[in-house]
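These notes concern the structure reproduced below.
Each chain gets a letter, A, B and so on, in the order the sequences are listed, and its residues count up from 1. All of these numbers come straight from a predicted model, not from anything done at the bench.
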Amino acid sequence: GNSVTQMEGPVTLSEEAFLTINCTYTATGYPSLFWYVQYPGEGLQLLLKATKADDKGSNKGFEATYRKETTSFHLEKGSVQVSDSAVYFCALNLGNNDMRFGAGTRLTVKP
Amino acid sequence: SAVISQKPSRDICQRGTSLTIQCQVDSQVTMMFWYRQQPGQSLTLIATANQGSEATYESGFVIDKFPISRPNLTFSTLTVSNMSPEDSSIYLCSAGGGLNTGELFFGEGSRLTVL
């Protein structure tokens, strides 16, 4: 079936550390891929997206590249800040807004 | 992007009661959805709210427990009926389709605690 698997958390980093959160997917078609972020007490916000192979989504210093050959969409940031502490969800959309979410990865950044 | 407003943002409810959550989108959207997020968990789709017809429910969710209305292209409600502590969750409204981008936009969620 169609699904998303992402790195289990929690992840704890020091400020200015490099971040990678792994995400792989299984899909029967050609999905669009997304990263959403959920700050404490809030709903989900779209962080970035990629709609086809080799596309790179980027926003607020975060990046992820759609890798069809490895069915991956890993989230990276070169230097995290305390304000990046949140839960990050990888997701895929197979069309007709059939959105599938990963389990979420909680990131805590310490000063 | 679409701005989605939900209310109430949180509530504490008694067992056996029902609560209706409202969702308002600032633009007309084709698709609206209701998700549940149990504590520390990911999102689970409850149903697709269809304008002018009955909602489409996912496996494990039924209309009697989660009746949904969608009277127009910008508004929907979700009722959580006959609540039990197991219904304590965040309920999220989302919208997509017609936005030409594939992503969903989310409200800030309604955090329900059932005592």
[X]-[Y] co-clustered via ILVMFWY side chain contacts under 4.5 Å:
{"X": "B/V25", "Y": "B/I46", "value": "no"}
{"X": "B/F66", "Y": "B/L92", "value": "no"}
{"X": "B/W34", "Y": "B/M31", "value": "no"}
{"X": "A/L92", "Y": "A/M7", "value": "yes"}

Exercise for review: Quick one: do B/L104 and A/L44 satisfy side-chain contact (heavy atoms from CB on, under 4.5 Å)? Show the steps, please.
Suggested key: CA-CA 9 Å; B/L104 296 184; A/L44 270 70; over 6 Å; no
Which residue pairs pass the disulfide (SG to SG under 2.5 Å) test with at least one member in [range], sequence neighbours excluded?
{"range": "residues 30-88 of chain A", "value": "none"}
{"range": "residues 54-91 of chain A", "value": "A/C23-A/C90"}
{"range": "residues 17-47 of chain B", "value": "B/C23-B/C93"}

Check your understanding: Where the side chain of B/S42 meets the backbone of A/G104, is there a donor-acceptor pair that is under 3.5 Å apart?
Key ->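 Such a contact is absent between B/S42 side chain and A/G104 backbone.
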Point to revise | Donor-acceptor contact below 3.5 Å, side chain A/Y36 vs main chain B/F105 | key: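 A pair under 3.5 Å: no.
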Check your understanding: Under a 4.5 Å heavy-atom cut-off, does chain A meet the side chain of B/Q37, its backbone, both or neither?
Key ->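 Just the side chain, heavy atoms under 4.5 Å.
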Practice item. Mind listing the closest non-hydrogen atom pair of B/E103 and A/K49 along with its distance? Key: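 Closest heavy-atom pair between B/E103 and A/K49: OE1-NZ, 3.0 Å.
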**Study point:** Contact listing (chain A partner; residues 106-115 of chain B; heavy atom under 4.5 Å)
**Key:**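 Residues of residues 106-115 of chain B touching chain A at under 4.5 Å: B/F106, B/G107, B/E108, B/R111.
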